[in-house]
Participant: 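Here's a structure for you.
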Amino acid sequence: MSEQILTFEQVSYQYADGTMALNQINLSIEKGKKIALLGNNGAGKSTLFLLMNGILKPTSGSIFYSGKKLTYKRKEIQQLRQKVGIVFQNSETQLFSSSVYDDIKFGPKNLNLPTEEIERLVKEVITLTETESLKDKPPHFLSIGQKKRVAIAGIVAIDPELMVLDEPTDGLDPYYSNRIMEIMDKMNHRNRTILLSTHNVDLAYEWADEIIILNNGHLLAQGTPIEVFNKKEILEKSHLQKPWIMEVFEKFHRTDFSNKKYPRSKAELFEMME
Ligand SMILES: Nc1ncnc2c1ncn2[C@@H]1O[C@H](COP(=O)(O)OP(=O)(O)OP(=O)(O)O)[C@@H](O)[C@H]1O
Ligand SMILES: [Mg+2]
């Protein structure tokens, strides 16, 4: 049976000015999955993420982590933050050390690991994220895309069981965007769940096991990429488009595509067309 790592039960969140950012959300995140969260600007994606590691507390409803209801006691939240690593949409709010190296080291240092282990881990993450040439720079001098990569490196370094990334490829060039997605693929396994938000339907289609769509604080859809991206009305309502691979595949097979298996990548599509 599938195991849920995170469950939202009737969760609403209202900001101090009265904005209802999330409205009675029921949502289950299955352990070990790769999930993409999509939705219009202002849909509530970032708010949902901030609820996931206890930065925000629901105005009403409950959140369960590994089956345990969050009570928002200090110790519990501290522990939760070691299990749920978040990359914020705006990297400025994430980076605060005087060098990139120290920033990446911050998380492992807080986990009270032995010094050699910390150094080894940080080195490994720097190689993986190709941030070697940046390591002595103060984070505030970095370009937007470089900041994003350093913020991601910082989360990779704490090895969380649930990784939550708010638009991780936003601002990255195609090379680094692909690299980050490869790293996310590598990090995903039976016990590590990865949830990311994006406005890129093609990236979501190729990468995710599951797609979640939020729309103005409501959960509109949750399912496999093919299920969700075939819901025309939902896509329109959410300012989304069908992934190009699906469109080309349908065009190619004309009316006869419904019983055929959709390709999941450009390589698979091209193979079918040969
Ligand atoms: N601190 C705040 N105070 C008041 N309203 C807020 C605050 N932060 C967000 N909101 C509002 O809550 C709603 C959801 O915002 P949120 O940032 O979660 O959306 P989002 O889906 O992440 O959007 P985007 O795609 O633009 O990143 C929006 O209407 C936004 O204006
Ligand atoms: Mg956002």
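Computation of the quantities below employed the complete heavy-atom set of this structure, encompassing side-chain atoms and omitting hydrogens, waters and symmetry-equivalent molecules. As the structure lists them, so they are numbered: ligands from 1, and atoms in each ligand from 1. Throughout, residue positions are numbered sequentially from 1 according to the sequence presented. These numbers were taken from a predicted model, which means no experiment stands behind them.
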Participant: If you count only heavy atoms, which residues are under 4.0 Å from ligand 1?
Facilitator: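 Under the 4.0 Å cut-off, ligand 1 touches Tyr15, Asp17, Thr19, Ala21, Asn40, Asn41, Gly42, Ala43, Gly44, Lys45, Ser46, Thr47, Gln89, Glu167, His199.
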
Participant: When you measure from the side chain of Ser238 to the backbone of Gly39, do you find a donor-acceptor pair of N or O atoms at a distance under 3.5 Å?
Facilitator: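 Checking the backbone N and O of Gly39 against the side chain of Ser238, no donor-acceptor pair under 3.5 Å is found.
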
Participant: Below 4.0 angstrom, N of the basic side chain to O of the carboxylate: do Lys33 and Glu210 qualify?
Facilitator: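 Glu210 and Lys33: salt-bridged.
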
Participant: To the nearest 0.5 Å, what is the distance between CG (Leu51) and OG1 (Thr59)?
Facilitator: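 The CG atom of Leu51 sits 8.0 Å away from the OG1 atom of Thr59.
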
Participant: Checking only N/O/S atoms, does Gln89 have one that is under 2.8 Å from the Mg ion (ligand 2)?
Facilitator: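 Here the distance criterion (N, O or S atom, under 2.8 Å) is met by Gln89, so yes.
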
Participant: State, yes or no, whether a side-chain contact exists between Ile29 and Phe8 at a heavy-atom distance under 4.5 Å.
Facilitator: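 Ile29 vs Phe8: side chains apart.
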
Participant: Check whether any N, O or S atom of Ser197 sits under 2.8 Å from the Mg ion (ligand 2).
Facilitator: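 It does not: Ser197 brings no N, O or S atom closer than 2.8 Å to the Mg ion (ligand 2).
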
Participant: Between Lys123 and Glu119, is the closest basic N to carboxylate O distance under 4.0 Å?
Facilitator: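 Lys123 and Glu119: not salt-bridged.
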
Participant: Counting only N and O atoms by type, is there a donor-acceptor contact under 3.5 Å from the side chain of Lys242 to the main-chain atoms of Lys232?
Facilitator: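 Side chain of Lys242 to backbone of Lys232: no pair is present.
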
Participant: If the test is side-chain contact (heavy atoms from CB on, under 4.5 Å), which one of Asn110, Ile126, Val122 qualifies with Lys105?
Facilitator: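 Going through the options one by one, the only one that passes is Val122.
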
